[in-house]
Visitor: 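One structure is given below, represented as structure tokens, and several questions about it will come after.
A note on names: the letters A, B, ... follow the listed sequences, proteins ahead of strands, and every chain is numbered from 1. Source: prediction; values computed, not measured.
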There are 2 protein chains.
Amino acid sequence: MTYCVGLWLEQGLVMLADTRTNAGIDHISVYSKMYTAAVPGERMLCLMAAGNLAITQAVWNRLQEGVALEGETHTLSTIGSMFRAAQLVGAAVRAVYEADGAMMEKQDVRFSVSLLLGGQIAGGPVKLYLIYSAGNFIEATPETPFLQIGEHKYGKPILDRAVTRATPLEDGVKLVLVSMDSTLRSNLTVGLPLDLLVYETGALRVRQQRRVTEDDPYFRHLREAWSAALRDAYRRMPAPDWL
Amino acid sequence: MTYCVGLWLEQGLVMLADTRTNAGIDHISVYSKMYTAAVPGERMLCLMAAGNLAITQAVWNRLQEGVALEGETHTLSTIGSMFRAAQLVGAAVRAVYEADGAMMEKQDVRFSVSLLLGGQIAGGPVKLYLIYSAGNFIEATPETPFLQIGEHKYGKPILDRAVTRATPLEDGVKLVLVSMDSTLRSNLTVGLPLDLLVYETGALRVRQQRRVTEDDPYFRHLREAWSAALRDAYRRMPAPDWL
């Protein structure tokens with residue numbers, strides 16, 4: 001399992017991925033699920049992946065080598081717009097399906113992958129897309145300015161209640177870490193360390209990319225402070241007068 | 001879908017169930033999923049059910065009519081201990097499986113049911129059990145003093161962080177309502193109104209049983225106040241110094 005979340009804010013993007021992969025609960029490993037394609041001053045793209053690791057690694061490798069889209073071969077470093085970048089990722093997913101899908105199905109392995117692609121290319125807006133196993137995709141909109149892949153349920157309530165387009169980047173960082181903390185506590189197949197990326201609208205370069213480990217002082221403090229704040233919060237709620 | 005949660009606190013029990021059932025997303029109805037068997041001064045048992053409605057109603061009807069357990073026929077109003085009450089519910093589940101399971105399997109309908117049974121019988125302790133489709137069961141323990149059935153993920157983080165055996169009943173009411181609110185916001189197949197029951201250890205009678213509707217002033221206030229408190233809480237968290 002995996003949990004990745006991306007926030008599409010007026011100020012920019014906040015992207016967070018865990019790093020645990022598992023083939024059965026007795027076979028867990030650490031793999032980064034976050035990839036970046038950045039040309040400072042020209043483009044910054046960040047891809048996060050959930051699903052079958054053989055598929056997600058094949059998708060990324062194909063994107064590195066070049067994928068055919070409408071008769072031309074492109075990478076995320078050469079593609080002309082974020083919309084076309086999402087199409088390119090979709091085309092890479094379809095190419096992996098063409099190569100491996102039939103044999104996986106024969107062996108009853110589901111062709112399962114989903115990806116979050118966020119970024120900006122000079123001259124265009126910041127975008128955040130969710131690409132499905134079929135290679136089609138949706139994008140974040142003002143009503144729903146965040147997208148999640150993998151084990152999304154535990155970490156969704158705080159995002160539902162707090163994230164808007166106007167959320168500042170630094171609050172966005174707190175919120176994705178709190179959302180991840182809720183998930184880490186409940187699903188053993190989502191695990192530390194974390195990969196965090198922060199992008200500021202118009203910068204066309206990564207603002208911050210950071211590996212957050214179990215010993216990270218800020219994350220440790222945030223986890224404890226958040227639990228304490230929740231306990232304070234419900235104690236301050238009025239009790240029902242009918243009890 | 002369904003969401004039911006029970007808290008097993010030193011002061012007593014807090015039980016909460018939604019009322020939405022659905023056969024496809026275009027066929028939803030309101031059914032109570034909470035049943036009580038109370039003999040004031042002698043016993044108070046509360047049963048909440050998730051899963052196939054035909055199964056859960058059949059289980060409750062069999063429990064009303066009497067179920068055979070080790071050669072004797074009992075109801076929840078005559079059974080001698082909470083442990084035996086959980087066995088009786090399990091026996092009712094098995095009886096329904098005997099009656100309907102084969103035909104359901106023939107038609108590819110899963111035999112799916114889970115139940116929470118909480119209560120106290122004079123002379124014994126307060127107990128909270130989770131009974132599975134196979135009729136076997138687990139009970140709440142001091143390390144994990146709450147049990148959930150149905151769509152449990154959205155509402156679990158707040159319980160994980162806040163519920164202990166020492167949580168007072170009134171805080172327990174707030175916490176299950178907040179947990180339910182997170183679930184209602186994210187899963188359309190969990191719906192209002194809610195059935196809430198509060199039991200105080202040793203009372204041997206219901207302390208409060210209440211239907212919480214969308215217009216319930218306390219629930220409305222709690223939902224808004226909780227969202228506001230969460231937003232305050234994350235804004236008060238320190239920002240990372242590395243951003």
Visitor: Once you round to the nearest 0.5 Å, how far does CG of B:D232 lie from CG of A:D232?
Guide: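 With rounding to 0.5 Å, CG (B:D232) is 12.0 Å from CG (A:D232).
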Visitor: Tell me which of these, B:V178, B:V198, B:D160, B:L175, has more heavy-atom pairs under 4.5 Å with chain A than the rest.
Guide: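 Most pairs with chain A among the choices: B:L175.
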Visitor: Determine the option with the most heavy-atom pairs under 4.5 angstrom with chain B, choosing from A:R210, A:R235, A:R236, A:Q208.
Guide: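 Option with the greatest count: A:R210.
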Visitor: For B:P238, does its backbone N or O pair with a side-chain atom of A:Y218 as donor and acceptor, under 3.5 Å?
Guide: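 Side chain of A:Y218 to backbone of B:P238: a pair is present.
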Visitor: Ignoring hydrogens, what is the shortest heavy-atom contact between A:H152 and B:Y154? Give both atom names and the distance.
Guide: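 Shortest heavy-atom separation between A:H152 and B:Y154 comes out as NE2-OH, 3.6 Å.
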Visitor: Do you know which of A:A162, A:P240, A:A225 has the most heavy-atom pairs under 4.5 Å to chain B?
Guide: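 Looking at each of A:A162, A:P240, A:A225 in turn, A:P240 comes out on top.
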Visitor: Using a 4.5 Å cut-off on heavy atoms from C-beta on, say whether the side chain of B:V173 contacts that of A:W242.
Guide: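 Yes. Closest side-chain heavy atoms under 4.5 Å.
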Visitor: Nearest 0.5 angstrom please: B:L230 CG to A:Y234 OH, how far?
Guide: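 Result: 14.0 Å between the selected atoms.
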Visitor: Would you compute the distance between atom CE of B:M237 and atom CD of A:E170 and round it to the nearest 0.5 angstrom?
Guide: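 Here the interatomic distance stands at 13.5 Å.
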Visitor: Is it the case that over 12 heavy atoms from other parts of the model lie below 6.0 angstrom from the CD atom of B:E42?
Guide: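 Yes, enclosed.
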Visitor: Determine whether more than 12 heavy atoms belonging to other residues, nucleotides or ligands lie under 6.0 Å from atom CZ of A:R211.
Guide: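 For A:R211, atom CZ is crowded (more than 12 foreign heavy atoms under 6.0 Å).
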Visitor: Counting only heavy atoms not in A:L188, do more than 12 fall under 6.0 Å of its CG?
Guide: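 Check fails, neighbour count at 12 or below.
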Visitor: Considering residues, nucleotides and ligands other than A:E10, do more than 12 of their heavy atoms fall under 6.0 Å from its CD?
Guide: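 Yes, because the 6.0 Å sphere around CD of A:E10 holds more than 12 heavy atoms from other groups.
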Visitor: Specify which of A:A228, A:A239, A:P217 makes the most heavy-atom pairs with chain B at under 4.5 Å.
Guide: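 The candidate making the most pairs under 4.5 Å is A:A239.
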Visitor: Please walk me through it: do A:R161 and B:D181 pass side-chain contact (heavy atoms from CB on, under 4.5 Å)?
Guide: CA-CA 11 Å; A:R161 288 181 173 113; B:D181 180 40; 2.8 Å; yes
Visitor: Please state whether the side chain, the backbone, both or neither of A:L243 comes within less than 4.5 Å of a heavy atom of chain B.
Guide: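 For A:L243, backbone and side chain are both near chain B.
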Visitor: Going from NZ on A:K153 to NZ on B:K156, what distance comes out if it is rounded to the nearest 0.5 angstrom?
Guide: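 Reported to 0.5 Å precision, the distance equals 13.5 Å.
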